[in-house]
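Written out below as structure tokens is the structure these notes cover.
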Amino acid sequence: MTLRIGNASGFYGDRFSAVREMLTGGPLDYLTGDYLAELTMLILGRDRMKDPARGYAKTFLRQMEENLGLAKEKGVKIVANAGGLNPAGLAEALRELVAKLGLDVTVAHVEGDDLIGRGEEFGKPLTANAYLGAWGIAECLNAGADVVVTGRVTDASVIVGPAAAHYGWARADYDALAGAVVAGHVIECGAQATGGNYAFFTEHEIGVPGFPIAEIEADGSSVITKHDGTGGVVNVGTVTAQLLYEITGARYAGPDVTTRFDTLTLAQDGPDRVRITGAQGEPPPPTLKVCLNRLGGFRNETTFVLTGLDIERKALLVREQLEGALQEKPPAEIRWTLARTDHADADSEQLASALLHCAVKDADPNIAGRAFSGAAIELALASYPGFHVTAPPSAASPYGVYEAAFVDARQVPHIAVLPDGSRVDIAQASETLELSEVDEPELPEPRFAGAMKRVPLGRVIGARSGDKGGNANLGVWVRSEDAWKWLAHRLTVAEFQLLLPETASLRVTRHLLPNLWAMNFVVEGILGEGVASQARFDPQAKALGEWLRSREIDVPESLL
């Protein structure tokens, strides 16, 4: 019998009502939720500093208070990584909630990912969490748990675990596991699979997108869909966009299986239904990735508004004045960005204005805080004409630094704590394979026939981008074989760096996925020390793909 798994959360802060919407919208076997990200782990780490009993996603607990009875009534089991840094604490809070509501619901959890006790090994970070896999979840479900909460597992594991338990897969059923990883990867980001953040959004009525469902078969193949009557759209494009999200290359390594994204085939299977087949899997690597977060220091910022004439001269003046005022104890880092949002002969003051942003960082909260704020505001009557700021600078705020490490998987515990309180050690993979790059596929024969026209690249390509630590991933795809034959030759690394000058000095790698008519670019170091360090205007590179789509290039008219 086909397994129907819906996902109701793509991040900590996603639509609160999604849990109820998914439970009432149609039949499901499981409801999952992804609440964790690199930045979330830092937020939960700071929560835990204030109170050791915290460290989990409190939103999930409130959602369960409203909906756990409904889930039990409908026979839907819940799996979520909302345990964060304290899955045992969340499990205990859920048991107290179950007693309060008078429900017959059993709760289990998975732990072992938290390596903070080995902090010396990693340079004493604030958080240190290994990415566990799906088998602890499967163990809890096989023991009869109605709700399973975990700490840091891979995003897809909350979907793979239920599938493995349902179909009784073995550890070496790599193709089936890979198929479930693919389905999980598509739906774990919530509405991004159903039309959210979609490059070709103008072609559809998006409204408020429903959340996605994966119908997974015994062989790991799946159909991605959503409840009838919900907003958004599920088509080959929306699924392709999410498949490309933050995958790096053709081999997608996980703790249970290495999934080959270059083997996938997508097909429209009816309205709002996309079938995914062909997934092939290989053994996982011998190491587990560890997410490390540490406090990097303190930051502050202000934005000066420059209006009318002499924008560049005004920017130079205030920069020289502010840096001069900070000369005695300068911040460790000062970063200026001038956004020329101004228009000549504008018919509104806002359109006549540019924005000069200044951000500072320092280990001393006073240098990044009071000293910077005071120096900036003291210029109010002594600088460029029309001086004002969007908001005055405030006290400095702490920022985090993300780093990835890798550890021998055999040195990381993976423990399923069953509903009766018994603890089961989950063995690490007995078969592993060192990760290597897939051989570069042969390029298709080029097809550039016909006249060319200079247009934004987005007239032809879709894109989706995001962050992996300090690196950006930017996936692009086209919607016809002719377009692919053109794109594979045209959008080289050199052309990419020419179109996006911010990447010109950085290492950029291109990975081809011909079966999806797609490619993925990895831009190393563009995000500095990760999203929490706020090293860039778009700190998670979410809009990097849209910038690429806006750049103009000569395109064969036959593709337009």
Side-chain angles (χ1 to χ4, degrees), residues 2-11 14 18 22 28-34 37 79-81 134 153-164 175-200 209-217 219-227 230 232-248 250 252 254 256-257 259-270 272-281 462-466 473 475 477 513 515-518 520:
T2 299
L3 179 67
R4 282 174 59 89
I5 302 177
N7 185 57
S9 176
F11 67 100
D14 210 343
M22 292 298 282
L28 292 174
D29 297 304
Y30 285 90
L31 185 62
T32 64
D34 177 19
V79 180
N81 60 14
V153 296
T154 67
D155 298 342
S157 289
V158 296
I159 290 93
V160 179
D175 289 351
L177 290 167
V181 167
V182 169
H185 180 72
V186 172
I187 72 170
E188 55 92 0
C189 269
Q192 280 200 163
T194 57
N197 302 352
Y198 181 49
F200 299 113
F211 275 66
I213 298 167
E215 297 176 352
I216 302 177
E217 304 292 347
D219 64 355
S221 64
S222 64
V223 169
I224 306 301
T225 185
K226 62 187 183 70
H227 284 319
T230 56
V233 62
V234 179
N235 63 24
V236 169
T238 67
V239 173
T240 299
Q242 186 55 28
L243 280 176
L244 296 174
Y245 187 59
E246 300 178 351
I247 63 167
T248 305
Y252 188 69
D256 302 318
V257 62
T259 303
R260 292 289 297 265
F261 273 59
D262 56 345
T263 64
L264 304 178
T265 299
L266 307 186
Q268 200 72 38
D269 197 48
D272 292 320
R273 294 178 63 82
V274 172
R275 185 170 296 277
I276 307 176
T277 56
Q280 293 180 18
R464 176 160 292 166
S465 55
N473 279 254
W477 79 97
L513 296 165
N515 57 315
L516 299 175
W517 295 335
N520 192 56

Do [X] and [Y] make a side-chain contact, defined as non-hydrogen atoms from C-beta onward lying under 4.5 Å apart?
X      : Y      : answer
Thr265 : Leu516 : no
Asn515 : Thr263 : no
Leu513 : Leu244 : yes

Could you measure the distance from the [atom1] atom of [X] to the [atom2] atom of [Y]? Nearest 0.5 Å is fine.
X      : Y      : atom1 : atom2 : answer
Asn197 : Gln192 : CG    : CD    : 4.5 Å
Gln280 : Leu264 : CD    : CG    : 9.0 Å
Glu215 : Arg4   : CD    : CZ    : 4.5 Å
Phe11  : Glu188 : CZ    : CD    : 12.5 Å
Thr259 : Asp175 : OG1   : CG    : 9.5 Å
Asp155 : Asn81  : CG    : CG    : 6.5 Å

Look at the side chain of [X] and the backbone N and O of [Y], then say whether any donor-acceptor pair between them is shorter than 3.5 Å.
X      : Y      : result
Gln242 : Ile187 : no
Ser9   : Asp34  : yes
Thr194 : Val233 : no
Thr154 : Gly254 : no
Arg260 : Ala178 : no

Task: Side-chain ion pair, Asp272 and Lys226, N-O less than 4.0 Å - done: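 Counted as a salt bridge, because a side-chain N and a carboxylate O are separated by less than 4.0 Å.
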TODO: Decide yes or no on side chain to side chain contact (heavy atoms under 4.5 Å, CB included) for Ile216 and Ile159, but give the supporting numbers first.
DONE: CA-CA 10 Å; Ile216 302 177; Ile159 290 93; 3.8 Å; yes
- [ ] For Ile276 and Val223, run side chain to side chain contact (heavy atoms under 4.5 Å, CB included): C-alpha distance rounded to whole Å, both residues' side-chain angles, the deciding distance at 0.1 Å, then the answer.
- [x] CA-CA 6 Å; Ile276 307 176; Val223 169; over 6 Å; no
Shortest non-hydrogen contact from [X] to [Y]?
X      : Y      : value
Asp256 : Ser157 : OD2-OG, 4.5 Å
Ala193 : Thr238 : O-OG1, 3.2 Å
Pro162 : Ile5   : CB-CD1, 4.0 Å
Leu243 : Ile247 : O-CG2, 3.1 Å
Gly462 : Ala199 : CA-CB, 3.8 Å
Gly161 : Ala134 : N-CB, 3.4 Å

Testing the 3.5 Å rule here: is there a donor-acceptor pair between the side chains of [X] and [Y]?
X      : Y      : value
Asn473 : Asn520 : yes
Ser222 : Glu217 : no
Thr32  : Asn7   : yes

Task: Working for ring-ring contact (aromatic ring centres under 6.0 Å, His included), residues Tyr245 and His185 - done: CA-CA 9 Å; Tyr245 187 59; His185 180 72; 7.1 Å; no
Task: Geometric class of the Trp477/Tyr198 ring pair [parallel <30°, tilted 30-60°, perpendicular >60°] - done: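 It falls in the parallel class, under 30°.
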TODO: Going by the side chain to side chain contact (heavy atoms under 4.5 Å, CB included) test, name the single residue among Ile224, Ile213, Thr225, Val234 that passes it with Arg273.
DONE: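 In the set Ile224, Ile213, Thr225, Val234, the residue that makes a side chain to side chain contact (heavy atoms under 4.5 Å, CB included) with Arg273 is Thr225.
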